[in-house]
Structures are given as C-alpha cells and as structure tokens.
Amino acid sequence: MRTAAGHKGESEIAGGPPRNQRGSRRSRRRDSRHPSVPRPDSKVAGDRGRSYHPGMATMSPLEELRHSAAHILATALLRLYPEAKLDIGPPTREGFYYDVELDHSLHAEDLERIEEEMRRVVKENQKFERFETTRAEAEELLRSLGQERFKLGRLADIPDDEAISFYRNGEFTDLCAGTHVPYTKKVKAFKLLQVAGAYHRGDENQPQLQRIYGTAFPTREELEAYLAHLEEARQRDHRRIGKDLHLFQIDEEVGQGLVLWTPEGGILRQELQDYIRGRLNQQGYAQVFTPHIGKLGLFRTSGHFPFYKDSQFPPVVEGEELHRLATEGCGCAELANRLEDGSVDGYLLKPMNCPMHIRLYAGRPHSYRSLPVRLAEFGTVYRWEQSGELNGLTRVRGFTQDDAHIFCTPDQLGGEIAGCLRLTREILETLGLDQYRVRLGLRDPDSDKYVGSAENWERAEAALTAAVEDLGFAYSAETGEAAFYGPKVDFVVEDALGREWQLGTVQVDYNLPERFDLAYTGADNQKHRPVMIHRAPFGSLERFTGVLIEHFAGNFPTWLAPEQVRLLPMNDELVPFAEELAADLRAEGFRVGVDGHADKLGAKIRRAETEKVPHMAVIGAREREAGRVSLRSRIRPDAPEQPTLEEFRAWLRGEVDSKRLPVRPEAEGKKA
RNA sequence: GCCGGAAUAGCUCAGCUGGUAGAGCAACGCAUUCGUAAUGCGUGGGUCGUCGGUUCGAAUCCGAUUUCCGGCUCCA
C-alpha cells in the first residue's frame, strides 16, 4: 500500500501481515502514473479474471478508437513479425497497449517501422467485423492462427454464459469482446510511444512479455495536445526541477534512494516542518525524538521482524558478537537463521517509528485523566525498496515521516480522529492541494486477516466514518482497504497535472497496544487498553516535497521559496547599496539575494525568472533617491509597483505570514 | 527484483561505419554601467560512469558492473 507518503506501507505505519493487494495495486497504478506513459486503466485493462473482456456495452467511443488502434498495431506487428504471440491489447486511460511475446526485443526504430505499417493498415481501410463462435470453434481458430500460446488461456477465462466473439480486420483475426470502430480509417491520429516489459497476467512468475504502448485520439490536434501535455509534464518533473533549482541530490556514492537535502531544499523542508510543528504544538502534541536504530527484539514484538525482513535493511550485529560467530565458523546463512530465531541479537534501522513511541508511552504509568497522549516526531525510517521502484523523492529508502501516535481511550477516539483529519485538510488546503479525495478503508467482513474484536472494529469504523462525515468530506468507502489492525482514512492528492498521490493517512490501531501490552488506569481503577492512532498528514517530507515541487512547478509561495526576493541593482555602483538593503531585510528574517553580475537589467530579470525567484526588486538611482523599490513579482500580479521600503517590508511580511498561494505566472516559458 | 533503454564539461546535448573530444548555457577574466526575460570579447573546464576484452589504435566494437530513465512486479 502506498498511502502515507506512499513509501511502502507508510499507511500501515504499524506494520503487520500482508493485506489484500487488490485495491492497492489499483491505486498504485494511478499513483505512479507518469503522463508520458499510459498505464492500463484497471477498469478496462485489468489483468484479473475476465476484465479484459469489457463487453460491448461498456466501451466509450474513445476506448473503442484506442482498442481499434491496438488491433491495428497487432495487424501491423504480425506482418513484420509473424511469429509474435499475442496476449491482450486493451485501451487504457491515456491510450492503449498490446502485450506480445517475441524473441526479438523491440526498439524505438522497430516502433517506427510498426507505426509505418499501421498507417498502411489504416490506409487499406479494413473493415472491423465481429463474429461469434462456439468454444470448440474458437479453440480451433486460435490454433490455426498460431495464437494458442496466450489466447487459449484468455478464452478459458470467458465464462460459459458469455458469447465468444472474434473481430476480424483484413487478414487479422483476434479473440475479442469488442467493440471497434467500423473501419480502420477511423483511426487517424495515433502514435506508438514506447515498449516496456510486462508480466503475463501481471504475475511475476509468468513469462514477461513486451508491452507496446501507444495512444490514439479522434483528431490530430488532440494527439498533438496530448504530446505537448507530456512535454509539460516532463518539464514539471520534480527530479528535473530539483536539479535545476538545486533542491536535493541523490548521490551514487551515498546510496540509492537516499536523499541529500541541499541548502535550498533544506529551506523548503525546514519551513514545512516549522509550519506543521507549530500546528501540532497548538493541538496538544508533544515533540519527541527517537533514534534511527533499535534492537531487533523491539521489532519482533511489533511484528516487523523477521516477517518483513525483505523490505528492511539487514540487521546490524554487534562487532564482538560477529567476531565470536566468525571464529565459530558461522556462515551467512546460519547467521541469518540465528537472527531470525532470536539466538543472535542485533539492531535494526527502524522501518517505522511506532515501536519507539510505544516504548515512550510505556515508560510511565497513565491514567484516563492523562489521555490522550500525543507523541509527534519527524521520524526518519528506512525501508528496503526494490531498486526498480526507486523514484526521485517519491519513492526512496530513507525518509522522514511527519509522524505522530495518539494513545487514547476508546471514548476519545472519535474526537482525536476528527482532529487528525482536520489538520490534514488544513495542511493540504494551505498548500493549495485542494483536489484531493478521501478514501475510507474498511475491513472486508469475509476475510480473516484482521486482528481485534468485531466490537472494536465496529466502533473504530463508526468513529472514522462519523468523523469523515461530520467534517463534510466527500469520501469513498472501500471495503477491504483497511489495515490489518484497523480502518483508515487516506488522503489521495491530485497534482496540477491530474496525477494522484497518496499522502496523508489516519489509521486506527488496536493491534500494537495489545502486542506491547499497553495500559492505562480507568476511572474504575482497572487496567484498560488504550487505542492508538497513527497519523501523518504529509506522509513523508520527501514524497510530499516531491509532490509539492510538481504542484507548484517550482514556483513556490513566498513562505516556502528558498530565495524570496532578489534585488537587482541597475549597475555596479548600486551593488553596495543593494547589499545593505539586503542585509536589513535578512535581519528581519527574509531570504534575500542580490544579483551583482555586470549585466543589464534584462539579463538579471531573466536570470531571476529562470531561477523562479518569486519577487524581484529593481534598485536604480531613482529608487535610491525616492527610498522605493520597483517591484516585479512572478507570483503576485497585484503586487505594489513602486512601494516605499517600509511598504515593501510590510507587504513582504504579509506575503510570508499569510502563506498566500502563488498566482500562476502565465509567462512561464516566455524565454526563447 | 524482471524486461528494455541510457550514461560525453556544472546543465542541455552533438560526436556517421574505430584514428587520442565539440557546441550552447553556466563559471571565470576584461571591456561595457545599461530601466523590466539574454551586452561584447576572451579564458579555463572532460582519464567520454567503472573494470576488463578485441584492435597498431576505443567515447565509438564486445563482456561485466554501477547508477539513472520507462514500464512490470513489489510495497508491513
């Protein structure tokens, strides 16, 4: 599950047994969808069961067009590679693909040739014809087509009460539920985009096929617009902007997926942390600090080790112990076994903060009067992500959660949840991430993967549901999306380009208090079990920052901008004056730069524009004379043009304190 | 982890079929002192990711490896 900060299981902050993966995979797909690459829309393209047979009635005209393009692709492909074995070729949210098995691995040049052949097929204006067969006939037909490799299995997926249909265009015939455009000429605007590996039926134990991605639109203009959109997305990529603006580094010598925050990026992070810390302090949270590493036993109790050892950095064993084992002739495999069975101890880089916070809670007695206890920490955790999954700031191996754990009585649960949800909403809105959806993950009553009593579950779900409803969220309740220890609410955020990211999460947990035998004394003088809430409004600073960079395309609001104002002296003579002014402003806490290059004003403006500094203040002789600056703001069209220094300071102060969102600079990319 | 692609100066990239590297921007220097998106001239900068192989000769061909990119899979 990628929810909180989407680093694996950040939503399952508490760890535990694997969950139903179905829904997760779906969201994951959307999650990481990069606009340059159409992904299968699982509603249409899902690999599960018979979903590849969407049925005639369900295909929209656009899907029909794209699905037809997929058939045209297959037609062309078989002309060039008659030995190709076809799997499926569904439309997707942004285009279509066809999965094929082929010894020759396809390259960009091959795609061009295939595309050319596709144009020929279109020109031939072949008619798409549907016909139905019996199962036996279908089998025979597939064999005669030489397509038994995957198609027979697909045929077997079609239930008995459903018609078995084929579509034929020209020489190409394919097992297919439809639907299609009437003639190939209807498919005018298409493009093959790339080829990628994809497992048959999405199962890594199945053969890996080559997936040819393409897209198609009703008109050439729409296709062009889509391609332009891809280009825009490329420019907005946080890895690209991060490099241009020097916000972070991921260094080969430091390690994969390990983020180095630069001074500029550090400002971003610091501001975000300060902001959230301030809010937490107002809301009765206590800030705590815990180490990055802890004994294996702690994580045995929590359930992380050894069950999830594959997604953790390997344990650290004490030097002396290691030496003793070596002299005993203990091999690596043996060591691994002994670590697992507990006969050798060690330390683990923490994959989650909760065990540490739980130990803090357990470190002193609690009564119902002292609850809730709210322990917050920007806690850095480490998880062994598969190398192929790492991605800029959005999927890394070490990241810092804006984590907190609330220990409360069952009665307090509802109010605490509401507080968490409110905070998350406020944070997202402050940053202009207002296009989020709220997903309420509930347990699947038919599953036995959950812990805790039915009564507790009902209370927890009712509390979560009530909180979400009271706060007026439009939410979607999804069965089977709960964590194993309790229901949860995830905030799925959409960035400016329509990509969805799962960030914040609020989860209710009855499991870990039990595993760690937590207690508080109730009014009845009896021991009671507290309920835990795991929550992280950002998820992780890394992912959140990555999303934020893309959301703003690097044009940050003033309060976040690494450099808030740049002073542009008209000539060298004015540089000392500008420096003085800058020093004054810095003393007031503003982040101010001075462009001391021997350039003309135009060049200085251009530089500041390129570096996305939100505000520029021109300092010329006239300004010095008048005690004013000429303000040029990239993000605030209504900024005062010639404020006095005092007015400028006040304006800037308001700009920072209000955390006002930028007004999109429409001149983006005005440069040649 | 799997399939495919890529790696050349700080950045973006060129370098055909092997003959010991090039542009723009950036940096630096000099001149210019300029009014809202690029002033001119000059200089420095790369063991072509790393290791090995083929060859008289490798950025270029082959192998391995590392990292990145796109998917797939995974994601407590």
Side-chain angles (χ1 to χ4, degrees), chain A residues 1-3 6-19 21 24-25 27-29 31-34 36-40 47 97 99 105-108 193-200 202-213 234 237 239-240 243-244 246 250-253 255-256 299 302-305 307-312 351-352 354 383-392 395 483-485 568-575 597-610 616 618-623 630-632 634 641 667-672:
Chain A
M1 264 319 289
R2 314 179 61 149
T3 44
H7 300 95
K8 64 167 52 167
E10 228 151 311
S11 70
E12 269 64 44
I13 297 183
R19 311 176 43 256
Q21 299 303 330
S24 335
R25 182 176 307 143
S27 41
R28 159 77 175 98
R29 242 175 214 165
D31 235 28
S32 63
R33 179 169 46 83
H34 189 286
S36 71
V37 185
R39 264 351 116 65
D47 258 347
Y97 66 81
D99 281 351
S105 50
L106 295 167
H107 297 179
L193 296 170
Q194 61 167 213
V195 58
Y199 298 108
H200 176 53
D203 179 349
E204 60 180 328
N205 299 310
Q206 296 270 5
Q208 191 162 33
L209 311 178
Q210 298 189 64
R211 175 169 294 177
I212 304 168
Y213 280 108
R234 215 171 61 81
D237 189 312
R239 292 166 301 188
R240 147 114 263 113
K243 190 179 258 185
D244 288 346
H246 306 292
I250 295 176
D251 190 299
E252 191 173 332
E253 296 196 22
Q256 288 183 283
F299 298 102
S302 70
H304 290 98
F305 191 87
F307 202 49
Y308 292 107
K309 65 178 179 353
D310 289 347
S311 46
Q312 291 157 183
M352 289 179 177
C354 33
R383 298 179 188 177
W384 189 261
E385 302 286 352
Q386 293 192 94
S387 60
E389 275 302 338
L390 299 171
N391 185 277
R395 194 85 184 260
F484 76 97
Y485 49 75
L568 311 180
M570 281 302 301
N571 56 49
D572 288 356
E573 202 184 309
L574 286 155
V575 170
H597 288 85
D599 276 319
K600 297 203 284 194
L601 181 62
K604 294 185 181 190
I605 287 170
R606 182 185 157 77
R607 184 155 35 236
E609 289 280 349
T610 307
M616 292 162 244
V618 176
I619 312 289
R622 301 207 291 262
E623 283 78 7
S630 289
L631 188 55
R632 172 180 167 128
R634 303 183 63 239
E641 287 179 18
E668 189 86 30
K670 180 177 163 188
K671 67 250 171 190

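Letters A, B, ... mirror the listed sequences (proteins, then strands); counts begin at 1. Side chains included, hydrogens not; waters and symmetry mates left out as well; all remaining heavy atoms used.
Within the 4.0 angstrom heavy-atom criterion, no nucleotide atom of any strand lies near A:Arg607. Residue contacts for A:Glu623: at a heavy-atom cut-off of 4.0 Å it reaches a base atom on one of the strands shown. Within the nucleic acid shown, A:Ala108 has no heavy atom closer than 4.0 Å to any nucleic acid atom. At a threshold of 4.0 angstrom between heavy atoms, the contacts of A:Gln256 are confined to the sugar-phosphate backbone, with no base atom among them.
Here the side chain of A:Asp572 is nearest to one of B:G71, B:U32, B:U36, namely B:U32. Among the nucleotides B:G70, B:G35, B:C34, the one closest to any side-chain atom of A:Asn571 is B:C34. Here B:A38 is the nucleotide among B:G1, B:A38, B:G70 with the atom lying nearest to any side-chain atom of A:Ala603. When each of B:A31, B:C74, B:U36 is scored by its nearest atom to the side-chain atoms of A:Arg395, the top-ranked nucleotide is B:C74. Candidate nucleotides B:A27, B:G35, B:G71 were compared by shortest atom distance to the side chain of A:His597, and B:A27 ranks first. The side chain of A:Ile605 sits closest to B:A37 out of B:G35, B:A37, B:A31.
Evaluation of the side chain to side chain contact (heavy atoms under 4.5 Å, CB included) rule for A:Asn571 yields A:Glu573, A:Leu574 as partners, not counting sequence neighbours. With sequence neighbours excluded, the residues satisfying side chain to side chain contact (heavy atoms under 4.5 Å, CB included) with A:Asn205 are A:Asp203. Partners of A:Glu204 by side chain to side chain contact (heavy atoms under 4.5 Å, CB included), not counting sequence neighbours, listed by chain and number: A:Tyr199. Shown here are the side-chain hydrogen bond (donor to acceptor under 3.5 Å, both in side chains) partners of A:Asp244, two or more places apart in sequence or in another chain: A:Arg240. Partners of A:Arg622 under the side chain to side chain contact (heavy atoms under 4.5 Å, CB included) rule, at least two apart in sequence or in another chain, do not exist in this structure.
Here B:A38 presents its P atom at 11 Å from CD of A:Glu609, a figure rounded to the nearest Å.
In this model, the phosphate group of B:G70 is approached by a side-chain N or O of A:Arg239 to a distance below 4.0 Å at OP1 or OP2. Under 4.0 angstrom from either OP1 or OP2 of B:G70 there lies no side-chain N or O belonging to A:Tyr97.
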Can you check each nucleotide of nucleotides 2-12 of chain B against protein heavy atoms at under 4.0 Å and return B for base, S for sugar-phosphate only, - for none, in 5' to 3' order? BBSS------S

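Between B:C28 and B:U65, the distance separating the two P atoms is 42 Å to the nearest Å.
Under the Watson-Crick and G-U wobble criteria, each requiring two contacts below 3.5 Å, nucleotide B:U65 is paired to B:G49.
In this structure, the side chain of A:Gln210 engages the main chain of A:Leu106 through a donor-acceptor pair within 3.5 Å.
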